[in-house]
Amino acid sequence: MELIVVRPEEFGEAAMNALDRALAATERPSLGIPTGSTPVPLYERLAEITYCFPPGSVCFALDEYVTARADATGTNAAFFRRHWPAHLPTVTTPDAGAADPEAAIAAHCRAIAAHGGLEVVLLGIGRNGHIAFNEPGSERDAGCRVVTLAEETRRAAAADWPEGAPTRGMTIGVREIMAARRAILLVTGPAKAAALRAAITGPVTATLPASYLQEHRSLVIVCDTAAWSSAALQ
Ligand code: PGA
């Protein structure tokens with residue numbers, strides 16, 4: 001495990017450098033791409049310098065909501081339309097409004113598998129220790145599936161869902177994350193300090209799915225000083 005701690009204003013650049021190192025080691029990668037406020041400085045930086053992925057790269061969303069309001073601004077597809085750099089390969093998302101969400105996430109994961117799995121997975125972490133929508137209770141071998149979202153996750157998303165965040169999501173599994181050749185965990189802000197500390201120093205447990213990353217073969221954590229030096233880490 002490699003840990004990179006930077007000042008908040010340096011976070012986007014540091015995350016980009018970690019991604020650049022991961023991509024330098026590979027050709028035609030498949031990438032797992034997160035949503036949320038954490039990766040936004042990275043995406044802004046990628047746009048700013050028109051950073052290019054290797055030719056033939058493919059990008060897959062880690063997760064998506066299940067909703068009848070598939071055109072809502074809170075979906076991950078809408079997030080990528082707002083925040084993902086236009087010059088980079090489009091991020092494929094499972095269809096939020098699919099009549100059969102199980103089939104939608106299965107098709108998403110078949111597409112990932114057809115590319116040999118994920119070469120690089122970028123991750124955020126929830127305050128409850130989730131990775132993608134693998135909420136507490138997710139087993140180490142949990143695969144792609146439809147899940148019930150934790151109340152904390154729905155609360156965190158409330159601003160994007162004025163009528164209430166969906167109760168269900170679709171996610172790639174812990175299994176697909178752990179199978180990725182390289183993982184980069186992005187963490188910012190004091191609210192994530194306790195989850196970060198537990199993920200890297202606590203027991204490996206389904207109670208905190210991010211703790212599985214301790215066993216990942218190639219993990220780089222990029223975090224800011226607010227997440228790292230908060231009282232929770234003392
Ligand atoms: P956030 O979400 O970046 O908006 O905090 C991260 C996550 O829940 O994975």
Side-chain angles (χ1 to χ4, degrees), residues 6 8 11-12 14-16 18-19 31-46 59-66 72-84 91 93-94 96 118 120-138 142 144 147-161 165-174 176-178 180 183-200 206-213 216 219-228 230 232:
V6 295
F11 180 77
M16 189 187 67
L19 177 60
L31 295 96
I33 307 290
T35 55
S37 56
T38 307
V40 169
L42 165 63
Y43 302 161
E44 287 174 353
R45 191 72 190 115
L46 295 175
C59 297
F60 296 99
L62 303 183
D63 50 24
E64 180 55 288
Y65 294 89
V66 173
T73 56
T75 64
N76 289 346
F79 171 94
F80 288 121
R81 284 194 292 275
R82 286 195 301 276
H83 295 292
W84 186 246
V91 182
T93 53
L118 296 173
V120 179
V121 65
L122 287 164
L123 297 163
I125 183 174
R127 286 190 210 197
N128 65 359
H130 73 200
I131 42 176
F133 276 156
N134 293 282
E135 301 284 19
S138 299
C144 294
V147 294
T148 299
L149 297 175
E151 276 310 310
E152 193 161 7
T153 301
R154 297 185 64 230
R155 271 200 303 278
D160 295 328
W161 292 94
T167 55
R168 292 189 303 158
M170 300 174 260
T171 190
I172 68 165
V174 177
E176 285 73 24
I177 292 169
M178 294 299 283
I184 301 172
L185 176 65
L186 306 174
V187 195
T188 55
K192 298 290 179 65
L196 174 61
R197 178 184 60 158
I200 62 178
T207 310
L208 196 100
S211 65
Y212 293 127
L213 295 172
H216 196 280
L219 173 67
V220 177
I221 300 173
V222 185
C223 69
D224 71 359
T225 45
W228 181 246
S230 145

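The structure displayed is predicted, hence computed values, not measured ones. Keep in mind that the numbers below use all heavy atoms, side chains included, and drop hydrogens, waters and symmetry copies. Ligands are counted one by one from 1 in listed order, and the atoms in each one are counted from 1 as well.
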Ligand-protein N/O pairs under 3.5 Å (ligand 1):
unit_1, atom_1, unit_2, atom_2, d
ligand 1, 3 (O), Ser37, N, 3.2
ligand 1, 3 (O), Thr38, N, 2.9
ligand 1, 3 (O), Thr38, OG1, 2.5
ligand 1, 4 (O), Ser37, N, 2.9
ligand 1, 4 (O), Ser37, OG, 3.2
ligand 1, 5 (O), Lys192, NZ, 2.6
ligand 1, 8 (O), His130, NE2, 2.7
ligand 1, 9 (O), His130, NE2, 3.4

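Taking CG of Leu122 as the start and CD1 of Ile184 as the end, the distance is 5.0 Å to the nearest 0.5 Å. Here the straight-line distance linking atom CG of Leu149 with atom OH of Tyr65 works out to 7.0 Å at 0.5 Å rounding.
Evaluation of the side chain to side chain donor-acceptor pair (under 3.5 Å) test over residues 149-159, restricted to residues two or more places apart or in two chains, returns His130-Thr153, Glu135-Thr153, Glu151-Arg154.
Evaluation of the side-chain contact (heavy atoms from CB on, under 4.5 Å) rule for Thr93 yields Ala61, Glu64, Ala77, Phe80 as partners, not counting sequence neighbours. Every residue two or more places apart in sequence or in another chain that forms a ring-ring contact (aromatic ring centres under 6.0 Å, His included) with Phe79 is listed here: His83.
Counting heavy atoms from C-beta on, the side chains of Ile125 and Leu213 never come closer than 4.5 Å.
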